[in-house]
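Chain identifiers are assigned alphabetically (A, B, ...) following the order of the sequence lines, protein sequences preceding nucleic acid strands; residue numbering begins at 1 within each chain.
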Amino acid sequence: MATFTEIQNKWQQKWADEHIFRVTEDPKKPKYYCLEMFPYPSGKLHMGHVRNYSLGDAFARYKRMMGFNVLYPMGYDAFGLPAENAAIKQGGNPEDITRKNIAGIKAQQKQLGLSYDWSREIATCNTDYYKWNQWIFLQFYKKGLVYRKKALVNWDPVDQTVLANEQVIDGKGWRSGALVEQREIEQWFFKITDYAQELLDELQQLPHWPGRVKIMQENWIGRSEGCNVSWKVEEKHVILDTFTTTVDTIYGVTFVVISPEHPKLSTLITKEQEENIKKYIESARKKSEIERMGTDKEKTGIFTGTYLLHPFTGKKIPLWVADYVLMNYGTGVVMGVPAHDQRDMDFAKKYELPILQSIESQEGESFVYDNVDKYNVKGRIINSGEFNGIPIIEGRKHIVESLKKKGLAEWKIQYKLRDWLISRQRYWGTPIPMIYCKNCNLVPVPEQELPVMLPKDAIFTGAGNPLETSEKFTHCTCPQCGGKARRETDTMDTFVDSSWYFLRYCSPQSEAVFDKQAVKYWMPVDQYIGGIEHACLHLIYARFFTKALRDLGLTDVDEPFTNLLCQGMVIKDGAKMSKSIGNVVDPGEIMEKFGADTARLFMLFAALPEKELDWSDQGVEGTFRFLKRVERLVDADFSLDPYTDDNLQNRDKHIIGKMHATLKRVTDLIEHIKFSLAIGAIMELVNDLYKYKEGPYKKSVYGETLKTTVLMLAPFAPHLCEELWERMGNEGFISLASWPVYDEQKIDKKAQACEELVQQTFADIASVLELAKITHPNEILLFVAKPWKHYFFARMQELLQTVKDPKEIMKALMADPTLKQHGQDVVKWVPRIMKDTSKLPKHVLDDAIEYATLMDGKQALEEKFGCAVQIMKESESTEQKAQIAIPGKAAILVK
RNA sequence: GCGAGGGUAGCGAAGCCUGGUCAAACGUGCAGGACUUAAGAUCCUGUCCCUUAGUGGGUACGGGGGUUCAAAUCCCCUCCCUCGCACCA
């Protein structure tokens, strides 16, 4: 008997030799693009990967069997800091390290037997890939989607590079975990904010995305509708803008707060306050990233000594500095309305600033805009001069219009989403194709000179950007004037690489960025599978790229991913697998011990894809046992007394019915990616097959059922199923076989069961008669498990002939002493039966069928045995039981 | 604080949307039996409590309340857990 390792190797080899998973565009076949988030090649697979790929592969295999032309590719997100850090630490260079890691991870993926079209493999560190990053960058540049500016940026002191906002988590770098500092540096940006509105709007058109991802993106984009109000500074020709969504409270402004980082701040300080403010700014900057993130948010601030003039009342409004105002949102200046804003209220109370009410609720009470829907609030404006009494929402319009006339306000839509900072001061990434020339300033590298390759002579010391150490790289000639020039040494964020790789897969060898026709055929991705951690990073960038490339006329795809599945984490002993806890299970070891099929099947069986998966060693063994159980079914000796009679007995019909029912269920479950339930249903069928095999079975029925079982299991445990497919004498690969089709007609198992019941009764009565040596029974007693049900249906039928009112029927039924005992159930069913027979629960209908069958059976029994058959309600006493043995009568019990 | 998702039998995990077929799939664990010299593997049976040859009854899906003839499932309140966002004006 072949071991699972032998089976695995055999079929993996065959799949590879015959290239059976290779695909090309075929307009005659419906396409299906199944994609997993490609991995960062760290050298070894972890359980999260295995889960991800098991899900994707099962689904791709299923779709293939369903007749789709399935694009199922794999590649590597190969640029990134870990490889560079490894080079610094252990010597060597990032490329070699990365290539080695790719080889390692690929070997394990192959070992898992994933049905990728390996001819489409890509790695983002290949020049023929990152060349197109540069090309896209240049297209974006031409279109004005790229710009360079000096900005306060998130500086990761450990990784020595800048981070995008999305990569800062709790004030720490997403990779290094180091506290992020603010630095002012010239940086490259992608203008993702141009697409903020579309990115937000089109979330509506993604019905098959998990709600939480959409909500997260929505929050991340963070749209607010409001207006900018300009404030004149007293005795200075300076204007300060504030952004507010609730301009209705403008009469409630008792102070204005400016961010410590605000560029105009220095000009707004009075001499007396200068020293103190400098101190405050200093302390704010120091604590900023640590304490601004803290839970305890006691507000601090300091008066600048300067006053602003209220645009309506002309009153003097003090200008304060406080670090609860963020520089990078809105204008960096906020109007303080302590009566209606919790933060302002806290601040006002602390510094004893006046509190002025300017709006009230419908009930005439003051309220704070905390848990209130700002855009649909009801109430009116008060204490606000000419605006008194106007409903809040309407009042906003009046106020803005009034200010607009004075040139002091404009409507404004504000987003939290900020432009995507893509420069990284590191080596292992795509060089940004720009040149600095003394004469010509900033010059893009001409397209024909792409790619700008990473130099081989860079030195990895850990200090600064290694690219700057390469003379060959940094020195160049200006493409415009031909003079000496310097190359940009920043590289691109690796998230640029992953923002369009799904397009490249469509035509990985294309001489262009991608082949338009191929993209037209394959895109969008029908099913995308990956971790939730990318909800606001990769998934937003990829959407942005898709839209930007569309606007460049390169595709006509609006949204890249139609269906999105975010898999749950793999945990063990109640915690995420991690080295520090020591609960890591190595996929390699599991594959060694139990094989790829078991590893994959367990991953799919243990939990629904979106849920957490609790790793259990016993569960793995159980899965392993199940596969062996299936194998034994195939290896069973068919020659052992199977019935050859062509007529199908009840037990044959039953198993066939079960098979079709299971097939229907499994198909539906896989379609909805509820793999664990699908596998559970297959297990049930396997259990039934074992039972079927116990009794007299027919080879044809057994074989047919088993064949279907193996086909259903094939997407989950492909190696074993290929092997079993062959052992059962089938030609070709099961991977390329067609998904079986169920026959609705054969599913009606209840009718079969009833028939079986009658048949069984015949047999049982015959044997009882024989045992009791009874030749001529006068009467046969049929005991039924719930006789009152049948009785109920009989009465019900009678009543329906004459009475139409459900309540009357109910009354009549309840008057019956037999049914009275079961009043609850009677009351349950009558309204249902009266309402709509088609909507009856299945079991009620079944009971009705059973009743009819029983009546038929009774008749048949009477004919066959030539005696009266009586259906007994119940056997309450032993006396009655004793009658069973009374000669001249036969009794049989029916469930 | 805001937002999302959870709490089901010894354990993992379905069922909830669309109330009745639910003492609740499937797996695991446990118990008994068969096979075996024995162990393992395998197969069968049982596995909330009481009772039975069959059956029947009681209690139960975090806690409390409500709607309904009927609630794990719908509504309200409450407790606990996990995960996102977090002074966004």
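The side-chain contact (heavy atoms from CB on, under 4.5 Å) test applied to A:E612 returns A:M569, A:I571, not counting sequence neighbours. Checked against ring pair (Phe, Tyr, Trp, His ring centres under 6.0 Å), A:Y369 has the following partners two or more places apart in sequence or in another chain: A:F367. The side-chain contact (heavy atoms from CB on, under 4.5 Å) search around A:H208 returns A:N563, not counting sequence neighbours. Applying the ring pair (Phe, Tyr, Trp, His ring centres under 6.0 Å) criterion to A:Y351, with sequence neighbours excluded, gives A:W320, A:F347. For A:H262, there are no ring pair (Phe, Tyr, Trp, His ring centres under 6.0 Å) partners at least two apart in sequence or on another chain. Scored by the ring pair (Phe, Tyr, Trp, His ring centres under 6.0 Å) test, A:W615 finds A:F602 as partners (sequence neighbours excluded).
Between A:R625 and the phosphate of B:rG29, there is a side-chain N or O to OP1/OP2 separation shorter than 4.0 Å. An OP1 or OP2 oxygen of B:rA89 is reached within less than 4.0 angstrom by no side-chain nitrogen or oxygen of A:T242. Applying the 4.0 Å criterion to OP1 and OP2 of B:rA41, one finds that A:R632 has every side-chain N and O outside that range. The phosphate of B:rU82 (OP1 or OP2) has no side-chain N or O of A:K611 nearer than 4.0 angstrom.
Remark: the separation of the P atoms in B:rA72 and B:rG58 is 15 Å, to the nearest Å. With both ends at atom P, the span from B:rA9 to B:rA14 equals 13 Å, rounded to whole Å. For the C1' atom pair drawn from B:rA25 and B:rG84, the interatomic distance equals 32 Å after rounding to whole Å. Distance noted for atom P between B:rA24 and B:rC79: 34 Å (whole Å).
The existence of a salt bridge linking A:E225 and A:K374 is excluded, since no basic side-chain nitrogen approaches an acidic carboxylate oxygen closer than 4.0 Å.
Counting only heavy atoms from C-beta on, A:E612 has its side chain closest to B:rU82 among B:rU82, B:rU45, B:rG3. If you check B:rG12, B:rC44, B:rA4 against the side chain of A:Y690, the one that comes closest is B:rC44.
The residue among A:K674 and A:S616 whose nearest nucleotide of RNA chain B lies closer to the 5′ end is A:K674. When each of A:L608 and A:E621 is assigned the nucleotide of RNA chain B bearing its nearest heavy atom, the one mapping closer to the 5' terminus is A:L608.
Applying the Watson-Crick and G-U wobble criteria (two distances, each under 3.5 Å), B:rC35 pairs with nothing in any strand. Nucleotide B:rA9: unpaired (no Watson-Crick or G-U wobble partner with both distances less than 3.5 Å). Checking B:rC69 for Watson-Crick or G-U wobble geometry (two distances, each under 3.5 Å) identifies B:rG20 as its partner. Across all strands shown, the partner of B:rG46 is B:rC30, judged by Watson-Crick or G-U wobble contacts whose two distances both fall under 3.5 Å. Across every strand in view, B:rA41 sits unpaired, with no contact that passes the Watson-Crick or G-U test at under 3.5 angstrom. Base-pair partner of B:rU55: not found among the strands shown (Watson-Crick or G-U wobble, both distances under 3.5 Å). Pair assignment for B:rG3 gives B:rC83, based on Watson-Crick or G-U wobble hydrogen-bonding distances that are each under 3.5 Å.
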Exercise for review: Take A:E261 and A:S259 through the test side chain to side chain donor-acceptor pair (under 3.5 Å) and record every step on the way to the result.
Suggested key: CA-CA 5 Å; A:E261 290 97 1; A:S259 165; 2.8 Å; yes
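Scanning both residues, A:T662 and A:M712, for their nearest heavy atoms gives CG2-CE, 4.1 Å.
Note on residues 324-333 of chain A: no pairs pass salt bridge (charged side-chain N to carboxylate O under 4.0 Å, His left out), not counting sequence neighbours.
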Using a cut-off of under 3.5 Å, enumerate the N/O to N/O pairs linking the protein to nucleotides 24-26 of chain B.
unit_1, atom_1, unit_2, atom_2, d
B:rA25, O2', A:E684, OE1, 3.0

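Of all the residues in residues 329-342 of chain A, A:Y329, A:V334 reach under 4.0 Å from RNA chain B with at least one non-hydrogen atom.
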